[in-house]
Amino acid sequence: MFLKNFAYAGNAVHNQKRAFTVCNKDIMDRYMNDGGDVGVGVYVVAGDPMTDLAEELPKLLESNSEYVFQADTVEELAEQMGIDSESLAATLESYNAQCEQGVDTEFFKPAEYMRPIQTPPFYAFEVFNGYFCTVGGISVTPDAEAMDDERNVIPGLYAGGCDAGGLYGDTYDVAYCPGSCASWAINSGRLAAKHAAAYLGYEVDSL
């Protein structure tokens, strides 16, 4: 489940000084021929071959040389990444051994997604957090009325969707409740409009 939950994965990335995705030719070939295992909205459809990857990867290596790396050895890859080569080699050795055993004892990655990284060339992509929405917005009442720091209603001011806090804790839990941000945006907008209409003296029975 962690593999499919980009929100939790983003939290893990956020707590590192630097983070990388590392793969190799075999994994790239699988993406090109069979597609990825997990879809990302309409951008990446699970199981659809990434037919443009062979053409786009060299462009990416050239245009993003500070963040995308390719090498024929693990040591060379680590040097390009600016990290300790012995640590990277040890990490890959441990991961490949767990792939052979079919059990991830560190991060509990499902066995069907565990693929060894042994055949060169090797690739590394430095990854960063991307914020899809805020989960710590303005405090609101059940009618989407905005509140100040002391939780007093600010008359005539409303906040909805991702601008309103309180629906989540610290993370949009996309793996367990996908689409909840969209449904909250729709319904909080309706609640705000209904209350705003009454505040202005309009009939609101039809809303």
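We count residues from 1, following the sequence as given.
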Under 3.5 Å donor-acceptor, [X] side chain and [Y] backbone:
X	Y	value
Ser65	Leu61	no
Ser94	Thr91	no
Asn33	Asp29	yes
Gln118	Asn96	no
Arg18	Met81	yes
Glu126	Val68	no
Asp104	Lys109	yes

What closest approach, in Å, do [X] and [Y] show between heavy atoms, and which atom pair accounts for it?
X	Y	value
Gln98	Glu106	NE2-OE2, 3.1 Å
Tyr95	Pro116	CE2-CA, 4.5 Å
Gly161	Ser188	N-OG, 2.8 Å
Ile27	Arg115	CD1-O, 4.3 Å

Is the shortest distance from a Lys or Arg side-chain nitrogen in Lys59 or Glu62 to a carboxylate oxygen in the other one below 4.0 Å?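 Between Glu62 and Lys59 there is no salt bridge, as every charged N stays at least 4.0 Å from the carboxylate O atoms.
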Rounded to the nearest 0.5 Å, what separates atom [atom1] in [X] from atom [atom2] in [Y]?
X	Y	atom1	atom2	value
Gln80	Ser85	CD	OG	12.5 Å
Lys194	Asn187	NZ	CG	11.5 Å
Arg30	Asn24	CZ	CG	12.0 Å
Leu191	Tyr158	CG	OH	11.0 Å
Asp34	Asp48	CG	CG	11.0 Å

Less than 6.0 Å separating the ring centroids of Tyr67 and Phe128?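 Yes, they do, as the ring centres are separated by less than 6.0 Å.
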Using the rule that Ile, Leu, Val, Met, Phe, Trp and Tyr join whenever any side-chain heavy atoms are under 4.5 Å apart, tell me whether Tyr31 and Val44 fall into a single cluster.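 Looking at the clustering, Val44 is in the same group as Tyr31.
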Verify the cluster assignment for Val13 and Phe69: are they in a single hydrophobic cluster under the rule of side-chain heavy atoms below 4.5 Å apart?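 No, because Val13 and Phe69 fall into different hydrophobic clusters, even though each may have its own neighbours under 4.5 Å.
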Please check if the number of heavy atoms outside [X] that lie under 6.0 Å from its [atom1] is greater than 12.
X	atom1	answer
Glu86	CD	no
Glu66	CD	no
Glu79	CD	no

Do [X] and [Y] have side chains that get closer than 4.5 Å, going by heavy atoms?
X	Y	value
Phe20	Val127	no
Val74	Phe122	yes
Val103	Met114	no
Met147	Val140	no
Glu75	Leu88	no
Phe125	Asn64	no
Leu57	Met28	yes

Partners meeting side chain to side chain donor-acceptor pair (under 3.5 Å) with Asp26 (sequence neighbours left out):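 Result, side chain to side chain donor-acceptor pair (under 3.5 Å) vs Asp26: Thr119.
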Under the side chain to side chain donor-acceptor pair (under 3.5 Å) rule, collect the residues that match up with Asp84, sequence neighbours excluded.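 Result, side chain to side chain donor-acceptor pair (under 3.5 Å) vs Asp84: Ser87.
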Listing request: all salt bridge (Lys or Arg N to Asp or Glu O under 4.0 Å) pairs with a residue in residues 136-158, at least two apart in sequence or in separate chains.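 Sorted result for residues 136-158: empty, none.
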